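Single-structure report; data block below.
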Amino acid sequence: MKTVYTCFCTDVIHDGHRNIIKHASEYGRVVVGALTDRALIRYNKFPTISQDERMKLYKEMEGVDDVIIQDSIMYDDIIADLHPDYIVHGDNWKNGPESAIRENVIALLSEYGGELVEIPYTYNDKVRKIDSQLKERLAMPEYRRKRLRQLIEMTPIVKVMEAHSGLTGLIVEKTVIEENGKLDQFDAMWVSSLCDSTAKGKPDIELVDMSSRLRTIDDILDVTTKPIILDGDTGGLPEHFVYNVRTLERMGVSAVIIEDKTGLKKNSLFGNEVVQTQASIEDFSAKIAAGKQAQLTDDFMIIARIESLILDQGMEDALKRAFAYVKAGADGIMIHSRKKDPAEIIEFCDRFREADSNTPIVVVPSSYNIITEDELAAHGVNIVIYANQLTRSAFPAMKKTAEDILRYHRAKEVDDRLMPIKEIITLIDEI
């Protein structure tokens, strides 16, 4: 009997999946592949039920003969092991980044005469409703909040991009590229104090209060599903920080990063060019401990940002603080540097990892941007944050457009570098 293979990556079965199995069973014995959690997150689909639950769900479908694990979004291992006569898939992967998976399948099947069967994708109100419900489930606080911890466990390095509005959140959420036969995307969003303040035309001195910051977060939460890490500046007074931890946790934010400075906040990249005061280890540890005591779930993370290297206090001070903050309950350590050479960051990570192999390390390679994610991961880094690149790329483009419209007294000269508004609108999902 012929072997027919199809791969599922869903938590909910609808008419489209049943239609795939119906057609597949016409060709032979049907084997369904269940993508692992690790593979799913690279496919822009975070699971809301366990791998075992998904396998059980697929096995119970009428027409399914067997269910196996597929550990990669590419089919190389499956085709090598199973050697299916047919692979059945919906026709919705012909365009966009997923077309790389399709091309991979066609090439592998052609080596031994296997055949790809593509079924028209099922579009109806019931399917759309189920898809919408699944997205809403992913956006619910109890699912989103724990996702950062899951990503740290499942990926070599968590890639985080700044977002300062609903639209930039959608860019981070939906940007997927294909490179060298693989799909890649950002894993989470960084809601930066600097970018949030800049978008509002305000200086980055904690002038934009937490109520305003929460509105920005809410705008992003409303249209995305990926986890959010908040730039919490100094965290404010311990009494205020405790309250904000509860609020962020309830909203579904995954983590807050607070820096060990006191007084009027100044951007770290100024270093000692402006007066900046580092908090004592005792005071900052007490703030961390108070925040951890206040939170109600184990999902939420409080990450301590160390400013010792920024303020030229030396490596020993940075390491001393790191170990003290972990002892106080910090769920991660962010080490910051304004040097273009990543040497001191690498030294910190290596020395920290000698004593602590588990606590997540977070870095923000804005100045030392020559280092790659793989190189950072090799030194024990778990999270890399691209903290302000969307803001910095948008500003010069908008400024140049405004200048040219003034210069030419019309918009024709700028039109060839503008994205059509229709293309922008396609980012926004309609209910």
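As the structure is a computational prediction, the values presented were derived from the model and not from experiment.
- Comment: Asp15 engages Arg18 in a salt bridge, judged by a side-chain N to carboxylate O separation of less than 4.0 angstrom.
- Comment: Lys327 does not engage Asp356 in a salt bridge, judged by the lack of any side-chain N to carboxylate O separation of less than 4.0 angstrom.
- We find that Asp125 and Arg128 are joined by a salt bridge, their nearest charged nitrogen and carboxylate oxygen being less than 4.0 Å apart.
- Leu167 is linked by a side-chain contact (heavy atoms from CB on, under 4.5 Å) to Ser165, Ile424, Leu427, counting only residues two or more places apart in sequence or in another chain.
- Annotation: ring pair (Phe, Tyr, Trp, His ring centres under 6.0 Å) contacts of His83 (sequence neighbours excluded): Tyr112.
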Output side-chain donor-acceptor pairs under 3.5 Å for residues 59-67, partner residues at least two apart or in another chain, one line each.
residue: Glu60; atom: OE2; partner: Lys56; partner atom: NZ; Å: 2.6
residue: Asp65; atom: OD2; partner: Val30; partner atom: N; Å: 2.8

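- Scanning for ring pair (Phe, Tyr, Trp, His ring centres under 6.0 Å) contacts around Tyr58 gives Phe8, with sequence neighbours left out.
- Remark: the Arg147 side chain and the Thr225 side chain contain no N/O donor-acceptor pair separated by less than 3.5 Å.
- Remark: Arg321 is not positioned above the aromatic ring of Phe284, lacking an NZ or CZ atom under 6.0 angstrom from the ring centre and at most 45 degrees off the axis.
- The pair Arg149-Asp331 meets the salt-bridge criterion, with a side-chain N (NZ, NE, NH1 or NH2) lying under 4.0 Å from an Asp/Glu carboxylate O.
- Sorted by first and then second residue, the salt bridge (Lys or Arg N to Asp or Glu O under 4.0 Å) pairs involving residues 99-120 (not counting sequence neighbours) are Lys94-Glu118, Arg102-Glu118.
- Applying the ring pair (Phe, Tyr, Trp, His ring centres under 6.0 Å) rule to pairs touching residues 343-393 yields Phe323-Phe352, Phe348-Phe352, sequence neighbours excluded.
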